[in-house]
Peer 1: 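First the structure, which I've put down as C-alpha cells, then a few questions once you've had a look.
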Amino acid sequence: MTDRGAEAKSSPLADIDLLGPEQYRHGFPHETFSRLRRDAPVWWQAVPDDFEPNDDRGFWVLSRYDDVVAANRDTELFGALDGPALTHSPQIAGLMLVSMDGRDHMRQRKLISAGFTPRMVSRLEDKARGWARSIVGEALERGECDFVADLAYQLPMQMIADIVGIPTEDRPWLFKLTTDLLMGSDPEYPVTKEQQLALQVEMFDYAQQLGRRKRADPEDDIWTVLSSVEVENEAGEREQLS
C-alpha cells in the first residue's frame, strides 16, 4: 500500500502546509491555492505526528471550483458525516445539519427554512439597525472598546440569536460559553479536554431546557420550529426531532 505521507514529502509541492498558522498570518494564501489548482488540484495534506488533535493521517484538498461543486452534490461518493472539522468525529455523524447527507440533510434544511417566515425576515433589517446603534452607543459611552469583542463579535451573534430564538437575558452567559468552547481548540487557550466536555454538556442541557420552553410557549423563531415539528421516521411513524 502506498504511503501517502511519504509521497507528500517527496512531492515538488512538499513545502505546502495548509495546517501551519504562518500560512494565514497575512490573509488567505491565494498564491498557495493557485499552485494547487495548477499543479495538484487533488492534493493530499498529511497531518504531522505532533499536530493536535491528531486523530487522522491527513485529508484531501480540492482546489478547483468544478471539483468542489461535483463533490458537494454527489452524496453517494462523498459524505459529510464527519462534519466541517478536519478531525474524525464519529460522535456527530448524522446528528447535525453539517454532518447529514442526502434525504436527512434536505429534510432538516427544509424544516429550518420554514422558520424564516416573511414576518421574521421583514423584521431582520430593523433588528440589525437597532443592534448596531445599541452596540456602537455602548462603546461610545465607555469611551473605549475592543473592536473585535465589543463590536464585530456582538452584531452577528445578536442577530443569530434573534433568528434562532435565544432569550435576550440568556445571551451574555451563552455567548461566553460559546467563546470558551470554541477557544478550547486553541493550544494557547487554557481549557482542558475535560473542561471542553463540561462546556458541551452545559450547552446541551441549556438547549434541552430551551426546547421545552419553546414547546410550552411557541414563538416566531427557528428554535420553536425545530422543537415542535413532527417528522416521519423510517417506520412511517410521526415523531419529534431528537
Side-chain angles (χ1 to χ4, degrees), residues 18-21 24-25 47-56 59 79-101 104-105 108-109 111-112 115 127 131 134-135 138-139 142 145-217 219 221-229 240-242:
L18 298 181
L19 294 172
Y24 309 93
R25 187 169 297 279
V47 173
D49 294 336
D50 59 350
F51 184 77
E52 292 289 341
N54 191 11
D55 300 328
D56 211 336
F59 53 90
L81 291 181
D82 270 348
L86 295 179
T87 54
H88 180 52
S89 305
Q91 68 274 15
I92 70 169
L95 297 178
M96 303 167 63
L97 182 63
V98 293
S99 63
M100 291 179 175
D101 284 314
D104 291 337
H105 180 88
Q108 197 86 334
R109 281 188 61 178
L111 292 174
I112 293 173
K127 281 183 173 290
W131 280 118
S134 172
I135 291 168
E138 289 180 7
R142 291 195 303 271
C145 71
D146 178 324
F147 182 80
V148 173
D150 297 331
L151 298 180
Y153 175 80
Q154 289 296 324
L155 181 58
M157 289 295 284
Q158 295 289 358
M159 289 302 299
I160 292 170
D162 282 336
I163 294 170
V164 173
I166 305 297
T168 305
E169 62 271 18
D170 294 347
R171 295 181 189 183
W173 168 82
L174 187 59
F175 291 177
K176 183 180 184 306
L177 186 68
T178 303
T179 299
D180 290 342
L181 182 61
L182 295 176
M183 290 296 289
S185 60
D186 186 340
E188 297 182 1
Y189 197 70
V191 177
T192 65
K193 290 185 176 181
E194 290 74 19
Q195 290 172 322
Q196 290 183 49
L197 180 59
L199 291 170
Q200 292 180 51
V201 170
E202 193 172 359
M203 185 174 287
F204 180 84
D205 183 58
Y206 172 77
Q208 299 303 303
Q209 294 181 41
L210 184 59
R212 289 191 289 270
R213 288 160 58 183
K214 295 292 185 180
R215 284 191 288 271
D217 187 16
E219 299 182 75
D221 55 47
I222 299 296
W223 208 292
T224 295
V225 172
L226 297 181
S227 298
S228 57
V229 71
Q240 290 185 329
L241 294 175
S242 66

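Residue numbers start at 1 and run along the sequence shown.
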Peer 1: For S227 and R215, indicate whether the former's side chain and the latter's backbone hold a donor-acceptor pair under 3.5 Å.
Peer 2: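 Checked: no pair found.
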Peer 1: Quick one: CD1 on I222 to CD1 on I163, what's the gap to the nearest 0.5 Å?
Peer 2: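 I222 CD1 to I163 CD1: 7.5 Å, rounded to 0.5 Å.
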Peer 1: Considering all heavy atoms of both residues, which atom of C145 and which atom of R142 are nearest to each other, and what is their separation?
Peer 2: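 Minimum heavy-atom separation between C145 and R142: CB-NH2, 3.8 Å.
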Peer 1: In terms of side-chain geometry, is the basic nitrogen of D217 or R213 positioned less than 4.0 Å from the acidic oxygen of its partner?
Peer 2: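 Result for this pair is no, no salt bridge flagged.
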Peer 1: Identify the heavy atoms of P167 and L210 that sit nearest to each other, and give their distance.
Peer 2: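 Looking at all heavy atoms of both residues, the closest pair is CD-CD1, 3.8 Å.
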Peer 1: Atom CG in L155, atom CD1 in I135: separation rounded to 0.5 Å?
Peer 2: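 Taking CG in L155 and CD1 in I135, the distance rounds to 5.0 Å.
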Peer 1: Does the pair K214 and D221 meet the rule for a side-chain contact (heavy atoms from CB on, under 4.5 Å), with working shown?
Peer 2: CA-CA 9 Å; K214 295 292 185 180; D221 55 47; 2.8 Å; yes
Peer 1: Does the side chain of Y153 come within less than 4.5 Å of T179's, by heavy atoms?
Peer 2: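 Side chain of T179 against side chain of Y153, heavy atoms only: contact under 4.5 Å found.
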Peer 1: To check you understand the geometry: which heavy-atom pair defines the closest contact between S99 and L81, and what is its length?
Peer 2: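 Shortest heavy-atom separation between S99 and L81 comes out as O-CD2, 3.3 Å.
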Peer 1: Hey, mind stepping through T178 and M203 against side-chain contact (heavy atoms from CB on, under 4.5 Å) and telling me if it holds?
Peer 2: CA-CA 8 Å; T178 303; M203 185 174 287; 3.6 Å; yes
Peer 1: Let me see the working for L177 and Y206 under side-chain contact (heavy atoms from CB on, under 4.5 Å), right down to the final yes or no.
Peer 2: CA-CA 11 Å; L177 186 68; Y206 172 77; 5.9 Å; no
Peer 1: Ignoring hydrogens and angles, state whether a donor on the side chain of D162 or Q158 is under 3.5 Å from an acceptor on the partner side chain.
Peer 2: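 No pair is found: no donor N or O on one side chain lies under 3.5 Å from an acceptor on the other.
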Peer 1: Please examine the side chains of I166 and F175, heavy atoms only from C-beta on, and report whether any two atoms are closer than 4.5 Å.
Peer 2: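 No; the side chains remain at least 4.5 Å from each other.
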Peer 1: Taking C-beta and beyond as the side chain, do Q154 and W131 meet within less than 4.5 Å on heavy atoms?
Peer 2: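 No, every pair of side-chain atoms sits at 4.5 Å or beyond.
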Peer 1: Say you draw a straight line from CE of M157 to CZ of R171; how long is it, rounded to the nearest 0.5 Å?
Peer 2: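 Rounded to the nearest 0.5 Å, the CE-CZ separation comes to 10.0 Å.
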Peer 1: Does Y24 reach the main-chain N or O of L18 with its side chain, forming a donor-acceptor pair under 3.5 Å?
Peer 2: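 Yes: the side chain of Y24 pairs with the backbone of L18.
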Peer 1: Can you tell me how far CG of L182 sits from CD of Q196, rounded to the nearest 0.5 angstrom?
Peer 2: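 Answer rounded to 0.5 Å: 10.0 Å.
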Peer 1: Between atom CD of E202 and atom CG of L174, what is the distance when rounded to the nearest 0.5 Å?
Peer 2: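 One gets 9.5 Å once the value is rounded to the nearest 0.5 Å.
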